[in-house]
Amino acid sequence: QSAHRAGLRSFIRYGWRWCWRVAAFVTIFNTVSTGLAVYRNKTTISNFASAGAFTGALFRMHLGLQGLAGGFVFGTAFGIPAGGLLMIMQKLAGETLQEKRNRERGELYEQKLAEWQSRLSVTEVLGQTESNAEGGPETETARE
């Protein structure tokens with residue numbers, strides 16, 4: 001029981017030290033890969049490799065040029081399988097993020113188009129009503 005408590009204390013103590021680093025790494029990796037996917041309008045392994053290289057280099061920059069190069073290489077080496085795994089999981093789910101984004105964009109376009117057409121038809125009806133209202137008294141006064 002005392003060994004269990006000691007292990008738990010160590011996990012909390014050292015886990016906290018690594019927790020924020022892992023969270024920062026994952027946040028930067030996902031931000032860069034998502035940004036590249038949105039900018040290029042497609043999701044590829046190269047996006048994940050670039051995101052891993054950038055993040056790895058960023059985290060090893062404080063070690064000098066060798067650390068920067070090592071972080072770049074290891075980030076790329078770990079970004080490729082991570083990206084491949086994510087892309088495979090999306091394919092197994094039935095719809096990739098790119099397909100979902102395009103579908104939602106199309107649905108939003110159709111919705112806005114329908115709304116615009118309905119507003120346009122209301123404007124046309126109002127225009128006809130105004131022209132009938134203006135034309136009606138003029139024709140009656142012309143008859144008199």
Side-chain angles (χ1 to χ4, degrees), residues 1-140:
Q1 192 176 20
S2 65
H4 183 266
R5 286 185 186 142
L8 185 60
R9 276 194 310 266
S10 297
F11 178 76
I12 292 171
R13 180 182 304 147
Y14 297 110
W16 177 252
R17 291 181 184 175
W18 284 98
C19 172
W20 69 269
R21 291 180 178 123
V22 170
F25 187 90
V26 169
T27 301
I28 293 169
F29 178 83
N30 284 333
T31 301
V32 172
S33 66
T34 303
L36 286 171
V38 169
Y39 178 74
R40 297 176 68 202
N41 201 22
K42 61 182 177 179
T43 303
T44 60
I45 293 290
S46 64
N47 291 350
F48 296 104
S50 300
F54 176 78
T55 309
L58 186 67
F59 270 73
R60 292 294 170 205
M61 189 170 48
H62 70 282
L63 297 175
L65 193 57
Q66 287 180 334
L68 187 76
F72 187 86
V73 169
F74 282 114
T76 303
F78 289 120
I80 291 171
L85 181 65
L86 287 171
M87 290 177 69
I88 289 170
M89 288 174 56
Q90 289 175 7
K91 284 288 186 187
L92 291 175
E95 185 178 39
T96 65
L97 289 176
Q98 183 68 34
E99 292 168 350
K100 181 181 177 184
R101 188 170 33 247
N102 288 340
R103 180 182 49 81
E104 288 175 349
R105 187 180 299 143
E107 290 172 356
L108 183 63
Y109 172 77
E110 293 295 328
Q111 179 185 4
K112 288 192 179 223
L113 182 64
E115 181 182 329
W116 180 77
Q117 287 175 341
S118 69
R119 287 183 180 181
L120 185 62
S121 66
V122 168
T123 305
E124 289 175 358
V125 169
L126 286 175
Q128 289 175 356
T129 305
E130 286 180 3
S131 65
N132 289 343
E134 291 174 359
E138 289 177 3
T139 56
E140 289 178 9

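These numbers come from a predicted model, not from an experiment.
Side-chain contact between M87 and F48: present, with at least one pair of heavy atoms (C-beta onward) separated by less than 4.5 Å. No side-chain heavy atom of I12 sits less than 4.5 Å from a side-chain heavy atom of R9.
Annotation for P81 and A77: closest pair CD-O, 2.9 Å, computed over non-hydrogen atoms. Summarising the geometry of T43 relative to A37, their closest heavy-atom pair is OG1-CB, 4.0 Å, with the distance given to 0.1 Å. Closest of all the heavy-atom pairs between A53 and T76 is CB-OG1, 3.1 Å. Heavy atoms only, all atoms of each residue included: S46 and R40 are closest at OG-NH1, 3.1 Å. Between A49 and I80 the shortest heavy-atom distance is CB-CG1, 3.6 Å.
Around atom CD of Q66, no more than 12 heavy atoms belonging to other residues, nucleotides or ligands sit under 6.0 Å away. Heavy atoms from other residues, nucleotides or ligands lying under 6.0 Å from CG of L120 number more than 12.
In this structure, R21 forms a cation-pi arrangement with W18, its terminal cationic atom sitting closer than 6.0 Å to the ring centre and no more than 45° off the ring axis.
A distance of 10.0 Å separates CZ in F25 from CG in N30, rounded to the nearest 0.5 Å. Here L108 contributes atom CG and L113 contributes atom CG; the two are 11.0 Å apart, rounded to the nearest 0.5 Å. Here CD of Q90 is found 10.0 Å from CG of L85. Values are rounded to the nearest 0.5 Å. Between the CG atom of L36 and the OG1 atom of T44 there is a distance of 8.0 Å, given to the nearest 0.5 Å.
In this structure a side-chain-to-backbone donor-acceptor pair under 3.5 Å is missing from N47 to V38.
Listed by first then second residue, pairs satisfying salt bridge (charged side-chain N to carboxylate O under 4.0 Å, His left out) with a partner in residues 80-102 read E95-R103, not counting sequence neighbours.
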F29/F54 under side-chain contact (heavy atoms from CB on, under 4.5 Å): CA gap, chis, key distance, verdict: CA-CA 8 Å; F29 178 83; F54 176 78; over 6 Å; no
